Amino acid sequence: MTRIQPPQTDEFLTQARAVLGTTHVLTTDLAAFATDWRGKFTGVPLAVLRPADTQQVAALVKLCAAHGVGIVPQGGNTSMCGGATPDGSGKQVVLSLSRLNRVRSIDPLNNTLTVEAGCVLQTLQELAAEHDRLFPLSLGAEGSCQIGGNIATNAGGVQVLRYGNTRDLVLGLEVVLADGQVLNLLRALRKDNTGYDLKHLFIGSEGTLGIVTAAVLKLFPAPHASTVAFAGFQTPQQALALLGLMRGALGDRFTAFELMSDASVALVRQYFPDTPALFAQTYPWQVLMQATDPGAGDGAQTALEASFQAALEQALEQGVIEDVLIATSVAQAEQLWAVRENISEAQQHDGHNIKHDMAVPVSSVAAFIDEVQPLLHGAYAGVRPIIYGHLGDGNLHFNVSRPPGWSTPDWQAESDRVNALVLDVVARYQGSFSAEHGLGQLKNHEMALYKTPLEIDVMRRVKAALDPQGLMNPGKFLPNGPF
Ligand code: FAD
Ligand code: 2HG
Ligand code: ZN
């Protein structure tokens, strides 16, 4: 396939090839880079550029600035909101970070790891484990998402309850600015009060302020003891009572608390038929819980299991839960985790769903669910809310699947109305309309609806200061125009 390019584009591509060599300036077979993970957005990249190091990124950004070419950074391309997908103009390049995948250093005494942006998350978890450390960021896409993408989206995942979001795990950054200068903030310090903490501007900015090329990450003691359980009960209120009870009993050893509606679990069993039935009867709500301890040896494992079990017995006695299954092997723990981690993919197989990765204060989650579910059922007979997520952080995936008989395009056309039904209630609870996945090109319109004009104005001023040409991931994050 050949594409005829206007002369100016030819010049741009010639210069890009001079920086990267011909092999890493792709202009054909771009489909994998042009469509998002959900298959919701497809763009037309001018080219895909694959730099190998920070200096090449800087040279390409300068070249784009000189030619007025928009840059869409792309890591593992697992964005849930079309953040890494270019528009249809054929005028934006995809800047793939995959080749920046070196580990620059590891310092076990300082508990830090310095890595390049294209390192796949799972490889970093494995590297930390080889050094008897934990890098705690953990999410379903960890086999393909990259640390640069995690930083750009301030990813959350299943251990935020104990270790915080990506923002809390980053000590330093290296960023290529919109004019091609390299901003070196790669400090491996736990304390540093020397002016504005600039790294936080770039974390969660979705590639709209600069390209993250490397980071210093925090490591933690490896969890040598671990235990996992699944519990069933009737109401979200019981989930909140259980959360309080388990945290009270286990403190910092309590690392994950993931809520799932029965409809979510049923969907996993439908699309992953090897998934076992966990309980003899169905429970409307279920949670997966995990506790870990850095203590080594059988003693630590036995002590952790004893505290975990005692807390669960108390929950059973108090009627907070009705049934519970505790994993007795690593394989069983993995089986329980698979039920939770496969929900997103099961939904993908099931067809289009209208996603809301919302958050409200943890204490309000049950009231929120009780308020929104009837609104949806009143508006759409047979609608299927697939509700699951990180209850310990007040963050749910309140994904609304189409009622039987509805086609995917008809359901997609309802997005604005369904969003308003759910997100207006989120706003009343002083919540967030995107607690994890970010804005990209899917949720940027909600900015104007749910943020104050002043908050948006301050963001626009930051954007204008750092990206005056509006070339960094144009059309994402903020509504209407480059900035
Ligand atoms: P991409 O999708 O490639 O890019 C995401 C955004 O970051 C884009 O705006 C892109 O332009 C920008 N970007 C990428 N790399 C850079 C860089 N080096 N510099 C500047 N900007 C950059 N998210 C959660 O928070 N929690 C979850 O539990 C979770 N689970 C998921 C499960 C599945 C099955 C899937 C498919 C996704 C999940 N996600 C989750 C969403 C997604 O994995 C995260 O947002 C992830 O952090 C994106 O990383 P990535 O490398 O794929 O980034
Ligand atoms: C999860 O927690 C991810 O599984 C994905 O954030 C959620 O697919 C989704 O909506
Ligand atoms: Zn999530």
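Note that the numbering runs from 1 along the sequence shown for the chain. No experiment lies behind these values; they were computed from the predicted model shown. Atoms within each ligand, like the ligands themselves, are counted from 1 in listed order.
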Peer 1: Among all protein heavy atoms, pick the one closest to atom 45 (O) of ligand 1 and tell me residue, atom and distance.
Peer 2: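 I find the closest protein heavy atom is Thr153 OG1, 3.4 Å.
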Peer 1: Is ligand 1 less than 4.0 angstrom away from at least one heavy atom of Lys476?
Peer 2: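 Heavy atoms of Lys476 never come under 4.0 Å of ligand 1.
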Peer 1: May I ask which of Asn395, Thr78, Ile211 has a heavy atom nearer to atom 43 (O) of ligand 1 than the others do?
Peer 2: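 Nearest heavy atom to atom 43 (O) of ligand 1 lies in Thr78.
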Peer 1: Taking 4.0 angstrom as the limit and counting only heavy atoms of Glu436, give me the atoms of ligand 2 inside it, by number and element.
Peer 2: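 Those qualifying, in numeric order: 6 (O).
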Peer 1: Given Gly75, Cys145, Pro86, Gly438, which has its nearest heavy atom closest to atom 3 (O) of ligand 1?
Peer 2: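 The option holding the nearest heavy atom is Gly75.
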Peer 1: Is a side-chain donor-acceptor pair under 3.5 Å present for Ser226 with Thr292?
Peer 2: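 On atom types as modelled, these side chains do not qualify, holding no pair under 3.5 Å.
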Peer 1: Determine whether Asn444 and Phe477 make a side-chain contact, defined as any pair of heavy atoms from C-beta on separated by less than 4.5 Å.
Peer 2: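 Asn444 vs Phe477: side chains apart.
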Peer 1: Angle class for the His397/His437 ring planes (parallel below 30°, perpendicular above 60°, tilted otherwise)?
Peer 2: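 Parallel.
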Peer 1: Run the side chain to side chain contact (heavy atoms under 4.5 Å, CB included) check on Asn353 and Arg38 step by step: do they pass?
Peer 2: CA-CA 10 Å; Asn353 64 91; Arg38 295 182 67 193; 4.3 Å; yes
Peer 1: Have a look at Gly148, Ser434, Gly210 and point out the one with the heavy atom closest to atom 20 (C) of ligand 1.
Peer 2: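 Checking each option, the heavy atom nearest atom 20 (C) of ligand 1 is found in Gly210.
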Peer 1: Checking contacts here: is it the side chain or the backbone of Val158 that comes within 4.0 Å of ligand 1, counting heavy atoms only? Could be both or neither.
Peer 2: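 Neither part.
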Peer 1: Any non-hydrogen atom of His437 lying under 4.0 Å from ligand 2?
Peer 2: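 Contact check His437 vs ligand 2: positive.
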Peer 1: Decide whether an N or O pair under 3.5 Å exists between Glu206 and ligand 1.
Peer 2: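 By distance alone, the answer is yes.
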Peer 1: For ligand 2, which atoms sit closer than 4.0 Å to a heavy atom of Asn399?
Peer 2: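 Answer for ligand 2: 9 (C), 10 (O).
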Peer 1: Would you please determine whether Gly440 falls within less than 4.0 Å of ligand 1 on a heavy-atom basis?
Peer 2: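 So Gly440 does not count as touching ligand 1.
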Peer 1: So for Glu341, does at least one of its heavy atoms come nearer than 4.0 angstrom to any atom of ligand 2?
Peer 2: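 Heavy atoms of Glu341 never come under 4.0 Å of ligand 2.
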Peer 1: Just need the protein heavy atom nearest to atom 8 (O) of ligand 2, so name the residue and atom and give the distance.
Peer 2: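 Its nearest protein heavy-atom neighbour is Ser344 OG, 2.6 Å.
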Peer 1: If you measure from CD on Glu142 to CD on Gln125, what distance do you get to the nearest 0.5 Å?
Peer 2: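 Nearest 0.5 Å value for the CD-CD distance: 4.0 Å.
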Peer 1: How about Asp357: does one of its N, O or S atoms come closer than 2.8 Å to the Zn ion (ligand 3)?
Peer 2: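 No.
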Peer 1: Tell me if a side-chain donor or acceptor on Arg99 pairs with a main-chain N or O of Arg50 at a distance below 3.5 Å.
Peer 2: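 The answer is yes, because a donor-acceptor pair under 3.5 Å joins these two groups.
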Peer 1: Answer yes or no for Arg340: is there a heavy-atom contact with ligand 2 below 4.0 Å?
Peer 2: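 For ligand 2, residue contact (heavy atoms, under 4.0 Å) with Arg340 is present.
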Peer 1: Find all atoms of ligand 1 within a distance of less than 4.0 Å from any non-hydrogen atom belonging to Asn473, and give their numbers and elements.
Peer 2: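 Going through ligand 1 atom by atom, the ones under 4.0 Å from Asn473 are 9 (O), 11 (O).
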Peer 1: Find all atoms of ligand 1 within a distance of less than 4.0 Å from any non-hydrogen atom belonging to Ala155, and give their numbers and elements.
Peer 2: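 Checking each atom against Ala155, I get 25 (O), 47 (O).
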Peer 1: With only distance considered, is Gln74 within less than 3.5 Å of ligand 1 through an N or O on each side?
Peer 2: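 No; the residue has no nitrogen or oxygen that sits under 3.5 Å from a nitrogen or oxygen of the ligand.
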Peer 1: For His390, does its backbone N or O pair with a side-chain atom of Asn395 as donor and acceptor, under 3.5 Å?
Peer 2: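 Judged by distance alone, no pair lies under 3.5 Å.
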Peer 1: Give, rounded to 10 degrees, the angle between OE1 (Glu436) and NE2 (His390) as seen from the Zn ion (ligand 3).
Peer 2: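 Result: 100°, to 10°.
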Peer 1: How does Leu97 reach ligand 1, if at all, at less than 4.0 Å between non-hydrogen atoms: by side chain, backbone, both, or neither?
Peer 2: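 Near ligand 1, Leu97 shows its side chain, while the N, CA, C and O stay back.
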Peer 1: Take the angle between the ring planes of Phe433 and Tyr450 and call it parallel below 30°, perpendicular above 60°, tilted in between.
Peer 2: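 If you compare the ring of Phe433 with that of Tyr450, the planes turn out tilted.
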Peer 1: Among all protein heavy atoms, pick the one closest to atom 1 (P) of ligand 1 and tell me residue, atom and distance.
Peer 2: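 Answer for atom 1 (P) of ligand 1: Asn77 N, 3.6 Å.
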Peer 1: Can you sort out which atoms of ligand 2 are near His390, meaning under 4.0 Å from one of its heavy atoms?
Peer 2: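 Those qualifying, in numeric order: 2 (O).
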Peer 1: Testing the 3.5 Å rule here: is there a donor-acceptor pair between the side chains of Gln181 and Asp179?
Peer 2: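 Side chains of Gln181 and Asp179: pair found under 3.5 Å.
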Peer 1: Is the number of heavy atoms from other residues, nucleotides or ligands under 6.0 Å of Lys40 NZ greater than 12?
Peer 2: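 Enclosed: over 12 neighbouring heavy atoms sit under 6.0 Å from NZ of Lys40.
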Peer 1: What distance separates Lys463 NZ from Ser205 OG, expressed to the nearest 0.5 Å?
Peer 2: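 Atom-to-atom, Lys463:NZ and Ser205:OG are 8.5 Å apart.
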Peer 1: Heavy-atom distances under 4.0 Å are what count here, so tell me which part of Glu345 touches ligand 1: side chain, backbone, both or neither.
Peer 2: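 It is neither; nothing of Glu345 touches ligand 1.
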Peer 1: To the nearest 0.1 Å, how far is atom 10 (C) of ligand 1 from its closest protein heavy atom, and which atom is that?
Peer 2: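 Answer, as residue, atom name and distance: Pro73 O, 3.1 Å.
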Peer 1: Of all the non-hydrogen atoms in the protein, which one sits nearest to atom 46 (C) of ligand 1, and at what distance?
Peer 2: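 Protein heavy atom with the smallest distance to atom 46 (C) of ligand 1: Asn150 ND2, 3.5 Å.
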Peer 1: Would you say the side-chain atoms of Gln92 and Asp87 include a donor-acceptor pair closer than 3.5 Å?
Peer 2: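 Result is yes, a qualifying pair exists.
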Peer 1: Report the nearest protein non-hydrogen atom to atom 9 (O) of ligand 1: residue, atom name, distance rounded to 0.1 Å.
Peer 2: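 Minimum-distance protein heavy atom for atom 9 (O) of ligand 1 reads Gly83 O, 3.1 Å.
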Peer 1: Look at the aromatic rings of Phe279 and Phe230 and report parallel, tilted or perpendicular, splitting at 30° and 60°.
Peer 2: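 The rings of Phe279 and Phe230 sit tilted, inter-plane angle from 30° to 60°.
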Peer 1: Please write down residue, atom name and distance for the protein heavy atom closest to atom 53 (O) of ligand 1.
Peer 2: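 It is Gly149 CA, 3.5 Å.
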Peer 1: Does a side-chain N-to-carboxylate-O contact under 4.0 Å join Arg417 and Glu414?
Peer 2: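 Salt bridge flag = yes for Glu414 with Arg417.
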Peer 1: Decide, yes or no, whether a salt bridge links Arg104 with Glu174 under the criterion of side-chain N to carboxylate O below 4.0 Å.
Peer 2: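 Yes, charged N to carboxylate O under 4.0 Å.
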Peer 1: Do me a favour and list the nearest non-hydrogen protein atom to atom 7 (C) of ligand 2 with residue, atom name and distance?
Peer 2: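 It is Tyr388 OH, 3.3 Å.
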Peer 1: Please check: side-chain N/O of Gln74 versus main-chain N/O of Thr85, any donor-acceptor pairing under 3.5 Å?
Peer 2: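 Here the side-chain-to-backbone pair does not exist.
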Peer 1: Any luck finding a side-chain donor-acceptor pair between Arg402 and His352 under 3.5 Å?
Peer 2: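 The answer is no; no qualifying pair exists.
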Peer 1: Only one of Asn77, Thr153, Asn150 passes side chain to side chain contact (heavy atoms under 4.5 Å, CB included) with Cys145; say which it is.
Peer 2: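 That would be Asn150.
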Peer 1: Please confirm if an N, O or S atom belonging to His437, backbone or side chain, lies less than 2.8 Å from the Zn ion (ligand 3).
Peer 2: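 No, His437 does not qualify, because none of its backbone or side-chain N, O or S atoms lies under 2.8 Å.
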Peer 1: Which ligand 1 atoms, with their elements, are less than 4.0 angstrom from a heavy-atom of Gly207?
Peer 2: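 Checking each atom against Gly207, I get 20 (C), 21 (N).
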Peer 1: Quick test: of every protein heavy atom, which one is nearest to atom 13 (N) of ligand 1, and how far off is it to 0.1 Å?
Peer 2: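 Nearest neighbour among protein heavy atoms for atom 13 (N) of ligand 1, to 0.1 Å: Ala152 CB, 3.6 Å.
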Peer 1: Under 4.0 Å, heavy-atom basis, I'd like to know which part of Leu139 is in contact with ligand 2: side chain, backbone, both or neither.
Peer 2: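 Looking at Leu139 and ligand 2, no heavy atom falls under 4.0 Å.
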Peer 1: Any side-chain donor-acceptor pair under 3.5 Å between Glu258 and Trp337?
Peer 2: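 Checked: Glu258/Trp337 side chains show no N/O donor-acceptor pair below 3.5 Å.
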Peer 1: Using heavy atoms and a 4.0 Å limit, tell me yes or no: is Gly118 in contact with ligand 1?
Peer 2: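 No, Gly118 has no heavy atoms under 4.0 Å from ligand 1.
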Peer 1: Non-hydrogen atoms of Ile343 versus ligand 2: any pair closer than 4.0 Å?
Peer 2: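 Heavy atoms of Ile343 never come under 4.0 Å of ligand 2.
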Peer 1: Tell me, which protein residue and heavy-atom name are nearest atom 19 (N) of ligand 1, and how many Å apart are they?
Peer 2: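 It is Val212 N, 2.9 Å.
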Peer 1: Examine the proximity of ligand 2 to Gln347 and report which part, side chain or backbone, both or neither, has a heavy atom under 4.0 Å away.
Peer 2: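 No part of Gln347 comes within reach of ligand 2.
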Peer 1: With heavy atoms of Ala117 as the reference, note each atom of ligand 1 found under 4.0 Å away.
Peer 2: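 Numbered from 1, ligand 1 contributes 18 (N).
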Peer 1: Under a 4.0 angstrom heavy-atom cut-off, which atoms of ligand 1 come close to Ala141?
Peer 2: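 Near Ala141, meaning under 4.0 Å from one of its heavy atoms, ligand 1 has 32 (C), 33 (C), 35 (C), 37 (C), 43 (O).
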Peer 1: So Val365 and Tyr429, side chain to side chain contact (heavy atoms under 4.5 Å, CB included) or not? Walk me through it.
Peer 2: CA-CA 9 Å; Val365 169; Tyr429 280 85; over 6 Å; no
Peer 1: For Thr123 and Glu126, test the side chains for any donor-to-acceptor distance below 3.5 angstrom and give the result as yes or no.
Peer 2: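 Absent: no donor and acceptor within the cut-off.
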